[in-house]
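Taking it in order: structure first as structure tokens, then the write-up.
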Amino acid sequence: MDIINQTNRTMLFEEINPEKLDLITIVGDVKGIDSLSDDKIKEINQELLVRSFDEFLNKFSPSVYSFFNAANQKVVYTLKKPEGIPEDMISEIRIDQNNDFLKMLFTLIDTKRSQGSTNVDFKFEHLLDMISPKKVMDDIRQVRKEIHYLYGQYEKLEEEDPKKLDMGDKLNAMFEEASANYNNVMAMLPLAIEDIKTRLLLGRSQEEDNSEVVQIGMLTIGDSGELKIIEAPKAESTELVLLDESSSSSLATVFEEDYHSISEAPSGYVKDLVVRTFSPLPAVSGEVNVEQEIQNYNTYLEFYKTAKDDFVKTVKPLVEKILGVKMFFDQYTAKNKGMVPSLLVTNTKLDVTVKSANIPRLETYLNTVNSKNDFTDTIWFGIVPSVELETAGKVKVTRERFKGNEKISKQDGNTMESLAMLMQVVKDFKVQIFFNFETGEDTTFNNMATAGIDKYIDKCAPLLRKEYSEYTIPCVPNFTIIPKDKSGLIIDSRMVRTENGAQLSKEKEDVLRLWIEGVYVGASYVAAGIVAAYQCPEYLKELFKNTSRDFPGVRYDIEAGENSFRTVTTMAKEITGFTNTIKDMINRKNFGFIFSSENAQLQDKDIRRITVYKARSLAASEDGFDSIYKTLVSTYIERILRFQTADFKHENIIKFFSNNPSSQKSKWLSSRGYVNSIIHDGDDMNYVIDEKNNLCHIDLVYNGNVKNLEVMITKGTSPVKV
């Protein structure tokens, strides 16, 4: 660990935010140069390297851009900043921890993980309504409660009291968050929808969703002793009447002034809405125009539903990438932080990265970080999500008799050709690439449980028996966050006029529903995440007593013994398991990095997480395909050998493999017995020097299977003493 201090830096070949810098741009022109300067590597790390999910959101600010189209009265959403439209006409929507769609998905993942339910039993609908106007309003009520509480405390304290100043800072931050939406009509719509409901349906019971006209009254005893409620006398003021005349009235004034000072085009209606939202009122002076309010409500609701629908469809590919990065970092669950995984995001699409003009730039970068005896910035793994998977057997329809799925052309998929081009480059720098096929219903656990893995093996055929096959790792199946058939959520119902007031319609056609069409995470993010996690000795130490802090987890075989039940993913189970037929097929082929959603126990405890079933690359072996750890150990040993032999000097190679107790081979042999030992029982390491061709052939033996490693010897000037 003192020579190579990290074996888990991972490179993500994906575009996150086209407005931010990317690897190809920063590297720049590389004509005539073999390596980048230290300053250039530092700049790349500053712009593109992240060590946590929060840092990823801060550095890349994933965003959706929107503008209004007056021609069709719609909101247009796009992942690329539109050109030719004035800056002040474009809204940038940050997709971060505060975005209601992303918040809903995080909550869903956490709830499913804690419950351990399969997709069939999990109540998705209970969490999907988190993006309905009602739930948005619930979040605001919580913020409102905190603002009122803090403001009450703030008012009680004396001026210049340090505690008052601290509270002032907190209030400023909360007002900043609340005021961010004053000019965002889309963000104000859920407030307006719930506000009208509150005022028009004031007398309704929760079950009935019905109301009568309400007049606030007083309970009195009449002249004859009769008990009756009479209408309360109206205040003469035309101002908004407040519940609490003390702190609430001054807080309402603060919000009113804040709105006027920030709003670019002040509206009396929105001003009242802001004040009513954050300083609730019992009533508004003057009569409510019920007809107008119902019309407003239905218009707002329709517009919100359509806009939310378009927003979700646009943002979903970006959200799936964001979730993938979160799942990569989530796999590292060590309490004592050691070798924390890091992610270098290229921020360009794969087909752009592997263009003939850009390949020299990628090669120069990898040559700089992977071909030196300084291993701080070495890239060990890569992630390529969403590789196209054409499935045969679909009937071509010439006439649509019934409404079917809309044919959407997928723009984000990576081609097999682009992947092969990338592999051709990265093999020389010994980067192991985890890739997954495009997400959707055809690549889920459910699909694999019925259809097996043949279609994946067929699709990988062009990548077999190549020099780069051992560095190519197909990951299946993909993870389902929300299944397509359970992705519907009710926004709300339209409102109708009644004799005495208004009510929410009970008619089926008046219920406004939104379909998310399923949300998925590519298996390569989780596969790379779990492998990067178990490289850390601290992570392994929390799961195995026999862990050495001197070695990374390069030799850790996740398929061996109970290892896969100890180093589990953080993903909740999705199905009840694969049939014996499917498992026999997987065991016979020994193909790919395969996840399993099986019933299993470890020391009488149920395992409710998805585990790793196979961890193989596309390198052929006697029993199908080779384990990924064999390539990783080979790379690790070669790098240690290069470092300790001063670039493969003849005499130093002999010392490295000698039986002298101080030789590296002897040290590794004497440190057997740990779960992360470099040489395990049954392993061996031998070498043969080919003097004629100046080559050293190294045989790495894993449980009887031999892996060959070949290095070019540097001849010394003095004769070698054996």
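What you are looking at is a predicted structure, and each value in this text was computed from that prediction instead of being measured. Values reported hereafter were calculated over all heavy atoms of this structure, with side chains retained and with hydrogens, waters and symmetry mates removed.
Counting non-hydrogen atoms of other residues, nucleotides and ligands closer than 6.0 Å to NZ of K655 gives a total of 12 or fewer. Atom NZ of K583 sits in a crowded spot, with more than 12 heavy atoms from other residues, nucleotides or ligands closer than 6.0 Å. Heavy atoms from other residues, nucleotides or ligands lying under 6.0 Å from CZ of R672 number more than 12. Heavy atoms from other residues, nucleotides or ligands lying under 6.0 Å from CG of N546 number more than 12.
A ring-ring contact (aromatic ring centres under 6.0 Å, His included) with Y629 is found for one member of F593, Y556, Y702 and no other, namely Y702. Test F328, F434, Y525, F13 against F381 for ring-ring contact (aromatic ring centres under 6.0 Å, His included) and you get one pass: F434. Partner Q644 forms a side-chain hydrogen bond (donor to acceptor under 3.5 Å, both in side chains) with one of R639, K649, Q664 and no other, that one being Q664.
Side-chain contact check for N659 and K665: no donor-acceptor pair (N or O, by modelled atom type) lies under 3.5 Å. Using a 3.5 Å distance cut-off with no hydrogens or angles, the side chains of K455 and N447 do pair a donor with an acceptor. Under the 3.5 Å distance criterion, with hydrogens and angles disregarded, no donor-acceptor pair is assigned to the side chains of Y534 and Q331. Side-chain N/O atoms of R9 and S342 include a donor and acceptor closer than 3.5 Å. Side-chain atoms of Q535 and T7 form a donor-acceptor pair, as typed in the model, at a separation below 3.5 Å. Checked by atom type, the side-chain pair N660/S662 shows a donor-acceptor distance below 3.5 Å.
Here the side chains of K573 and F445 are not in contact, with every heavy-atom distance at 4.5 Å or above.
Taking the six-membered ring for Trp and the full ring otherwise, F479 and F595 have centroids separated by under 6.0 Å.
Here D374 contributes atom CG and T368 contributes atom OG1; the two are 11.5 Å apart, rounded to the nearest 0.5 Å. In this structure, OH on Y539 lies 5.5 Å from OG1 on T567, to the nearest 0.5 angstrom.
A donor-acceptor distance shorter than 3.5 angstrom exists from the side chain of R616 to the backbone of F625, with no hydrogens or angles considered. In terms of modelled atom types and a separation under 3.5 Å, the side chain of E574 and the main chain of S597 share no donor-acceptor contact.
Under the 6.0 Å distance and 45° angle rule, R555 does not count as a cation-pi partner of W668. No cation-pi contact links K459 to F437, judged by a cut-off of 6.0 Å to the six-membered ring centre and 45° from its axis.
Using a 4.0 Å cut-off between charged side-chain N and carboxylate O, K589 and D454 make a salt bridge.
The two atoms that bring G522 and N478 nearest to each other are CA-OD1, 3.5 Å, heavy atoms only.
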